[in-house]
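The shown structure was predicted, so the numbers you read here are calculated from the model rather than taken from an experiment.
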Protein chains: 2
Amino acid sequence: MKRQRMNDQGGTVTIHDVARHAGVSSMTVSRVINKNVNVREPLREKVMASIKALKYTMNMAARSTRAGMGGVRIGVLYSHPSASYLNEIMLGGLDQAARLGAQLLLEKCGGLQSQKNAVNRLVEAGVDGVILPPPLCDSAPTVQMLTRVGIPVLALATARPLPEVSAVRIDDFQGALALTRHLIKLGHKRIGFIKGNPTHTPTEVRYEGFLKGLSEAGIALDEALVVQGQFTYKSGLETGRELLDRKDPPTAIFASNDDMAAGVMAVAHGLKISIPEQLSVCGFDDTPVASTIWPQLTTVHQPIVAMGRSSVSTIFERIKELKSGEPSRPAHQLMKFTLMDRDSTGPAPE
Amino acid sequence: MKRQRMNDQGGTVTIHDVARHAGVSSMTVSRVINKNVNVREPLREKVMASIKALKYTMNMAARSTRAGMGGVRIGVLYSHPSASYLNEIMLGGLDQAARLGAQLLLEKCGGLQSQKNAVNRLVEAGVDGVILPPPLCDSAPTVQMLTRVGIPVLALATARPLPEVSAVRIDDFQGALALTRHLIKLGHKRIGFIKGNPTHTPTEVRYEGFLKGLSEAGIALDEALVVQGQFTYKSGLETGRELLDRKDPPTAIFASNDDMAAGVMAVAHGLKISIPEQLSVCGFDDTPVASTIWPQLTTVHQPIVAMGRSSVSTIFERIKELKSGEPSRPAHQLMKFTLMDRDSTGPAPE
DNA sequence: CTGAAAGCGCTTACAG
DNA sequence: CTGAAAGCGCTTACAG
C-alpha cells in the first residue's frame with residue numbers, strides 16, 4: 001500500500017533501520033547499496049540480509065538531494081518516429097530513469113522552426129541531457145543547437161554515429177545483409193528493395209547491406225526493382241503497387257522498415273497475391289506492427305526496449321561526469337540485432 | 001546549461017538565495033512558492049520578483065524528502081493500446097509528472113496471467129497509483145487486483161466509468177452521434193458500420209451513438225451493413241473487404257476507430273475505389289495515423305495529450321489525499337471532443 | 001575498511 | 001502573518 005515497507009514505528013524503512021538491524025553504521029549500508037568496494041564480505045552479507053528482511057528500498061529523492069545529482073532531467077525529443085518504436089524506447093527508458101532517480105521529459109516537434117521551439121522548451125525546463133530517437137538522431141541542426149548550449153546529446157539508433165555525439169545503435173549494415181542472405185537462401189533471385197527516407201542515415205546503410213548480400217551471392221542488381229520509399233505506410237502502399245504492377249514482379253520484396261512492409265502487404269492483399277506462397281515480404285525494426293499484421297512479418301529485431309534503457313543510463317553517466325567536472329567523452333554502444341524469421345517469407349515460387 | 005541557474009558562488013539557486021535577495025526568511029519564500037495564503041501581498045510580490053530575477057526553480061527532489069510526498073510513483077499499465085495513442089498519453093503525462101515531481105513507470109502486459117505479473121511488478125516497484133489506458137481501463141480483474149492492495153486506479157478513456165474508480169474520458173456517445181450526423185448531412189443513407197472489440201466499453205457506446213444518429217434522421221438500420229471488427233488494422237482490412245465486396249456496397253463507412261478506418265482505406269485503394277468521391281470513410285480517436293494516411297481521415301479528436309496530463313494530476317491528488325488521511329473520493333472528469341472534418345468524407349455519390 | 005559529523009534544499013511544527 | 005529551529009533520508013568529506 002505504501003511504497004516502502006513499514007518499520008516498527010510505522011514509518012518508512014530507512015538506511016538507518018537497516019543499519020540498526022545489521023548492527024553496523026548507516027554509512028556501511030550506504031556503501032553496500034552503492035556497490036562500493038570498500039566493504040568486507042561478512043559485513044556486506046549481513047547488510048544484504050537485513051535489507052531483505054526489512055524489505056528496504058531506497059528513497060531516490062533523498063539520495064538526489066545530497067548527491068548533487070539532484071533530479072537529473074533527461075529530455076526525449078522526437079519528431080515523426082514510428083509511434084510504437086517510441087513506446088518501446090519509453091518502456092525501457094522510464095524503467096531505467098526510475099532506477100536512477102531521473103526524470104524523463106517527452107517533447108514533440110515537427111519542422112525546423114518547431115525543432116528550435118522544442119529545444120528551447122527543453123532548455124527552459126532545465127534538462128541536463130537529451131536523447132534523440134530516429135529520425136531526429138540524424139538532424140545536424142538539432143544536435144548543434146543542443147551542443148552549443150552545452151547539453152550532451154545521445155543519438156538513438158542512428159546508422160552513422162558521429163564521434164562527438166554519444167550513440168546507442170545496432171549495426172544496420174549487418175542486419176540488412178542477414179535479411180538479404182535469408183531471402184537468397186530461400187531461392188529468391190528477383191528481389192525488390194524499397195529504400196527509406198533519404199534523409200535518415202539507416203536508409204543508405206541498409207541498402208548497402210542489401211547490395212552486399214546480392215553481390216556475395218553473385219546476383220546482379222536489377223535497378224528497376226529498387227524503388228524510393230519514405231519509411232511511411234503510405235509510401236509502402238505506393239511503391240508496393242509500383243513493384244507488383246510490373247509484368248515481371250519480384251518474388252520477394254525487402255522493405256527498409258516494417259511500416260512500408262505493412263503497406264506492401266496491404267497492396268498484395270488487395271491484389272489477392274498470397275503471402276508467402278506467391279510473394280515474400282520482409283521489413284526491418286520489428287516494431288509491434290510486425291507481429292500484429294497477418295501473416296506475421298519476417299524482419300530484423302532491434303532490441304528497442306534495451307536500447308531505451310541503455311540510452312538513459314549512458315547519457316546519465318555522461319551528465320554525472322560533466323557535472324562533477326570529470327573528464328568525459330561521448331560513449332558509443334552497439335547492441336545486437338536478431339533476425340526474426342516469421343511467416344511473410346517462404347521459398348521462391350517456381 | 002545547468003538546470004538551475006547559478007548564484008554568486010556558482011552553486012544552484014536555492015530558496016535561501018531567493019530569501020536573501022528579497023530580504024525575507026526562507027519560510028516566506030517556501031510559502032509563496034506553495035501558494036500558501038498566509039503571506040501579505042507586498043511580501044509576496046517582493047519574493048516573486050526575486051524568483052524571477054534569480055531564475056529560481058524548485059528542486060523537486062528536495063521537496064519530496066521532507067514533504068512526505070516523497071517521490072510519488074505512478075504506474076501506467078498498458079496491454080494492446082494503439083501505439084500512438086499511448087505516446088500522446090505519455091506526452092501529457094510526463095509533462096505533468098515533471099511539474100508535480102512524480103515518477104511515471106510504464107509497464108506492458110498481455111493476457112490475464114501477464115496482467116497479474118505486471119501488477120505485481122508495479123506493486124514491487126512501489127507505485128502509489130496506477131493509470132489504465134484503454135483497453136485495460138475496462139479490465140475488471142486488473143482494477144480489482146490493484147484496488148484490493150489499496151492502490152488507487154484511474155481509468156483513462158473508458159466509455160462506461162465506474163463510480164468507485166476515477167476516470168478521465170470523453171463522451172463517446174456524443175462523438176459517434178456527431179460523426180453520424182456529419183455523414184447524413186453529406187447525403188449518405190447507406191452507411192456501413194464497423195464495430196470495435198466487444199470487450200472494450202467504447203464499442204457499444206459508439207454504436208449506440210451511430211444508431212441514434214440514424215434514427216433521429218429517420219433512416220432504417222440495415223443490419224447487413226453492421227460488421228464486427230476488433231479495433232485492429234487487420235480487422236479493418238477484413239471487414240472493409242466484406243463491406244466493399246457486396247453487390248450493393250455502402251457509400252460511407254464509419255469505422256469505430258482510426259486503425260480500422262486505415263484498413264478500410266487500404267482495401268479501397270487495392271480495389272481502386274476513390275475516396276471520398278466513391279466512398280466516404282471516417283474513424284474515431286484522431287490518432288496520428290489519421291493525419292498520416294492519404295487522404296486524411298475525418299474522425300473524432302480525443303484530446304489525448306490533455307487527458308494524459310489530467311490523468312496524472314487527478315490520480316496525484318487522490319494519492320496525496322490518501323497518504324495524508326484526508327477523505328478522498330474517486331474523481332471523474334469529462335473532456336471535450338472535436339469533430340475533425342478532413343478529406344476522407346465527401347458528398348454521397350448519385 | 002568502518003564510522004561520527006555535517007549538509008543537500010526543502011518543509012513541518014513550534015514560537016512569536 | 002512571519003521566522004528560527006529541527007529534520008526528511010541519504011551522501012560527501014573527514015577521521016581513525
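- Among the nucleotides dC10(C), dG3(D), dC10(D), the one closest to the side chain of A62(A) is dC10(D).
- Partners of E41(A) by side chain to side chain donor-acceptor pair (under 3.5 Å), not counting sequence neighbours: none found.
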Item to complete: Report the secondary structure of DNA chain C in dot-bracket form, marking unpaired bases with a dot and bases paired to a different strand with |, and treating Watson-Crick or G-U pairs with both distances under 3.5 Å as paired.
Response: |||.||||||||.|||
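- Between S313(A) and Q96(A), the side chains place no donor N or O within less than 3.5 Å of an acceptor N or O (distance only, hydrogens not considered).
- The nearest pair of heavy atoms linking P303(A) to I170(A) is CD-CG2, 3.8 Å.
- Listed pair S30(B) / dT11(C) meets the phosphate criterion, a side-chain N or O lying under 4.0 Å from OP1 or OP2.
- Rounding to the nearest 0.5 Å places OG of S26(A) at 11.0 Å from CZ of R31(A).
- Phosphate proximity of dG9(C) to T14(B): absent, as no side-chain N or O sits under 4.0 Å from OP1 or OP2.
- Note that OG1 of T314(B) is 10.5 Å distant from NE2 of H332(B), once rounded to the nearest 0.5 Å.
- Backbone-only engagement by L43(B) is indicated by non-hydrogen atom pairs under 4.0 Å involving sugar-phosphate atoms exclusively.
- Contact annotation: N38(A) does not reach the phosphate of dT2(C) (side-chain N/O to OP1 or OP2, under 4.0 Å).
- Closest approach to the N59(B) side chain among dT12(C), dT2(C), dG9(C) is made by dG9(C) (side chain taken as heavy atoms from C-beta onward).
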